[in-house]
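Letters go in sequence order (proteins before strands), and every chain restarts at 1.
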Amino acid sequence: MKNLSPAFFSSDPVDCARELIGCHLRWGGCSGRIVETEAYRALGDAACHTFVRPSARDFVATHQAGDAYVYLSYGVHWLFNILIKGPQGDGFVLLRALEPLEGLDAMRARRGNYADRLLMAGPGRLTQALGISGAEHGCRWLEQGQSGLTSGKPDSIVSGPRIGISQAVDLPWRFGDPASKCLSKPF
DNA sequence: GATGCGATTCAC
DNA sequence: TGAATCGCATCA
């Protein structure tokens with residue numbers, strides 16, 4: 001297990017999304033195993049925020065690889081993305097589901113008394129469980145000591161279409177460990 | 001200052 | 001399976 005540095009995110013968004021499956025995320029006093037991600041490309045991907053939002057394009061231009069891109073979905077749920085800036089193109093990786101490892105009590109205090117497998121089984125659920133909100137938007141969380149990523153490998157990784165989007169629906173840029181009990185939806 | 005709409009969740 | 005929900009970005 002080695003720590004992932006911001007250099008890990010100076011690569012291809014789709015490669016990063018795939019390689020993050022099985023890695024361990026540490027956030028404050030909580031941690032979890034990443035079991036589901038999605039990739040978004042800044043260029044040529046109609047589902048990416050950069051496609052219609054000047055503010056998203058500005059974010060890419062003014063932030064560094066690995067920085068947090070956090071935004072509110074449906075006016076209710078915070079979604080956590082990691083900025084990718086690589087030679088093959090920029091983009092984001094959306095964290096969609098984690099298996100809780102440490103800090104389950106703190107997660108329940110924030111989310112309610114749900115079963116373990118439901119604490120972070122969804123992009124809005126995991127931010128609520130970890131206490132991530134708009135305050136973390138733009139932050140360089142990988143270099144803040146109490147939070148970070150360590151590498152790991154799942155038994156297998158599968159891919160499929162991304163969830164909840166209306167554009168570019170055919171691109172198979174959702175990745176996950178099909179054996180996990182904590183997916184937001186089965187593959 | 002108004003409008004449209006969403007990278008979802010939870011309860012029914 | 002279906003409805004809530006409201007904040008934010010965008011543009012006028």
| Counterpart base for C:dC6, defined by Watson-Crick or G-U wobble contacts under 3.5 Å | B:dG6
| query | Does A:His49 put a side-chain nitrogen or oxygen below 4.0 Å from OP1 or OP2 of B:dA7? | reply | yes
| Any salt bridge (Lys or Arg N to Asp or Glu O under 4.0 Å) pairs touching residues 143-171 of chain A, not counting sequence neighbours? | A:Asp45-A:Arg162
| Length of the CG-C1' vector between A:Asn81 and B:dG6, whole Å | 14 Å
| remark: DNA chain C: first to last nucleotide in contact with chain A (atom under 4.0 angstrom from a heavy atom), 5' to 3', is C:dC6 to C:dT10
| request: Return no unless some side-chain N or O of A:Arg111 is found under 4.0 Å from OP1 or OP2 of B:dC10. | output: yes
| message | Nearest whole Å is fine: how far is B:dT8 P from A:Tyr74 OH? | response | 6 Å
| field | Distance-only polar pair, side chains of A:Gln128 and A:Arg110, donor-acceptor under 3.5 Å | value | no
| message | Closest-nucleotide mapping onto DNA chain B: is A:Gly124 or A:Ser166 further toward the 5' terminus? I mean the 5' end. | response | A:Ser166
| said: Using a strict heavy-atom distance below 4.0 Å, which residues from residues 90-104 of chain A are in contact with DNA chain B? | reply: A:Leu94, A:Arg96
| query | A:Phe59 CZ to B:dA7 C1': how many Å, rounded? | reply | 15 Å
| message | Which residue is it: A:Tyr71, A:Tyr40, A:Phe59? I am looking for the one with a ring pair (Phe, Tyr, Trp, His ring centres under 6.0 Å) to A:His49. | response | A:Tyr71
| query | Can the ring centres of A:His137 and A:Tyr69 be said to be less than 6.0 Å apart? | reply | yes
| request: Using atom CH2 of A:Trp78 as one end and atom P of B:dT9 as the other, report the distance to the nearest whole Å. | output: 15 Å
| note | To the nearest angstrom, the CZ-P distance between A:Phe80 and B:dT8 comes to 17 Å
| request: Examine B:dC10: is either OP1 or OP2 under 4.0 Å from a nitrogen or oxygen in the side chain of A:Tyr114? Give yes or no. | output: yes
